[in-house]
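For reference, the structure discussed in these notes is given below.
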Amino acid sequence: MSGTRRELPVWAEAYALLRDRIATFPTPGEIRSVNHDGEDVEILGYWPNAPWTAPADAQRLVFLGPVNERTAESLQSAGWTETAKMSLLAGKPEDVEQVVKLPDTSALFEAPMNDYDVVEVTDFDRPVARGRMHYGPSFGLLTDPDLYAPTDPDTARRAILANFAGAAYGHGIPWLLLVASSENAGTLAEGWSKATDLSFWQQG
């Protein structure tokens, strides 16, 4: 593999854990992760300087920061396709929404797991939204909540994020980091700001 890679921030490893992946560090500035079967190889790092060649066994690439157009063109020529764009948002727990009123028919549940905490919103005992947060040394890392056809998607999503914000504030965590879809990142709620971009690529 050629090209130089920058040292990654601490939250990058946590992003693998948050998605039930096992992370390793094959080279400086690069995180290689697999699922619990040791398959589905993903490589995460900053956009490398061209020229750069993806590992032969990689099935997904995740790049942080501004696009390197030469590298993107090289990947496309090698059969890679960009499949998603996301953004990392940052906010202080005390500056973002911490309380969201749910309908009387809804309830919210919390459960600590090994690598992250889970919050779930139900409506008439049916799960309608679920989110995860990993506690890092100075941050709580979240991903966009999964939604299961809730009647009010915005309220369900906000309720989960608000619950995590309150928990982070209670634990004295100074920063919340949220990997959000481009759509959700495009309508930033109060207290959140964009920190960097993530570009996802798939082979084939």
Side-chain angles (χ1 to χ4, degrees), residues 9-23 33 35-36 40 42 60 62 83-200:
V10 177
W11 67 264
E13 180 184 6
Y15 185 51
L17 295 174
L18 199 59
R19 296 175 294 140
D20 291 320
R21 302 184 62 83
I22 300 167
S33 68
N35 61 23
H36 283 273
D40 188 37
E42 176 183 283
R60 188 182 310 103
V62 184
T83 57
K85 290 183 178 180
M86 304 188 80
S87 296
L88 179 75
L89 308 181
K92 295 183 177 181
E94 62 268 28
D95 292 339
V96 302
E97 190 174 35
Q98 292 189 23
V99 179
V100 172
K101 180 174 174 55
L102 290 167
D104 293 339
T105 57
S106 295
L108 187 145
F109 301 93
E110 307 171 18
M113 308 294 281
N114 288 333
D115 293 321
Y116 48 78
D117 286 1
V118 174
V119 168
E120 183 175 87
V121 172
T122 64
D123 190 25
F124 290 107
D125 292 331
R126 179 179 69 88
V128 295
R130 184 180 296 122
R132 298 176 176 185
M133 180 169 74
H134 172 86
Y135 283 97
S138 60
F139 62 84
L141 177 67
L142 309 88
T143 56
D144 266 336
D146 295 319
L147 302 179
Y148 310 107
T151 303
D152 186 345
D154 181 63
T155 297
R157 178 178 182 272
R158 286 171 47 225
I160 286 178
L161 297 181
N163 184 270
F164 281 134
Y169 181 79
H171 283 84
I173 300 294
W175 286 100
L176 284 174
L177 303 175
L178 168 63
V179 179
S181 67
S182 296
E183 179 182 359
N184 289 329
T187 55
L188 292 177
E190 184 176 355
W192 292 99
S193 60
K194 184 176 176 180
T196 193
D197 293 313
L198 292 87
S199 178
F200 292 74

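In what follows, residues are counted from 1 in the order of the sequence shown. Hydrogens, waters and symmetry mates play no part in the numbers below; they use all other heavy atoms, side chains included.
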Of all residues at least two apart in sequence or in a different chain, which pass the side chain to side chain contact (heavy atoms under 4.5 Å, CB included) check with [X]?
X: T83; result: F200, Q202
X: A129; result: V121, L147, A156, I160
X: D146; result: Y148

[X] and [Y]: which non-hydrogen atoms are nearest, and at how many Å?
X: G140; Y: I173; value: N-CG2, 3.5 Å
X: V10; Y: F139; value: CG1-CE2, 3.9 Å
X: P174; Y: P93; value: O-CD, 3.3 Å
X: D125; Y: P127; value: O-CD, 3.8 Å

With a 4.5 Å limit on heavy-atom distance, are the side chains of [X] and [Y] in contact?
X: L141; Y: Y15; result: yes
X: D154; Y: R158; result: yes
X: Y116; Y: M133; result: no
X: L88; Y: L198; result: yes
X: V119; Y: L108; result: yes
X: I22; Y: H36; result: yes

Under 3.5 Å: donor-acceptor pair, side chain of [X], backbone of [Y]:
X: D144; Y: S181; answer: yes
X: D123; Y: R126; answer: no
X: H134; Y: D115; answer: yes

Check step by step if salt bridge (Lys or Arg N to Asp or Glu O under 4.0 Å) holds for R132 and D20.
CA-CA 11 Å; R132 298 176 176 185; D20 291 320; 3.0 Å; yes
Between R21 and E13, is there a side-chain N and carboxylate O pair less than 4.0 Å apart?
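A salt bridge is absent here (no side-chain N lies under 4.0 Å from a carboxylate O).
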With rounding to the nearest 0.5 angstrom, report the [atom1] to [atom2] distance, [X] to [Y].
X: D40; Y: E42; atom1: CG; atom2: CD; answer: 7.0 Å
X: N184; Y: S87; atom1: CG; atom2: OG; answer: 10.0 Å
X: W11; Y: L18; atom1: CH2; atom2: CG; answer: 11.0 Å

Residue pair D197, K85: steps toward the salt bridge (Lys or Arg N to Asp or Glu O under 4.0 Å) verdict
CA-CA 7 Å; D197 293 313; K85 290 183 178 180; over 6 Å; no
Go through it in stages, so that I can follow the logic: the residues are L161 and L178, the test is side-chain contact (heavy atoms from CB on, under 4.5 Å), and I'd like the CA-CA distance, side-chain angles, deciding distance and then a yes or no.
CA-CA 9 Å; L161 297 181; L178 168 63; 4.1 Å; yes
Assess the residue pair L177 and L89 against the criterion (side-chain contact (heavy atoms from CB on, under 4.5 Å)); give the C-alpha distance rounded to whole Å, side-chain angles, the decisive distance to 0.1 Å, and a yes or no.
CA-CA 6 Å; L177 303 175; L89 308 181; over 6 Å; no
Stepwise side-chain contact (heavy atoms from CB on, under 4.5 Å) test for E94 and Y169
CA-CA 6 Å; E94 62 268 28; Y169 181 79; 3.7 Å; yes
Determine, stepwise, if the pair D117 / E110 fulfils side-chain contact (heavy atoms from CB on, under 4.5 Å).
CA-CA 7 Å; D117 286 1; E110 307 171 18; over 6 Å; no
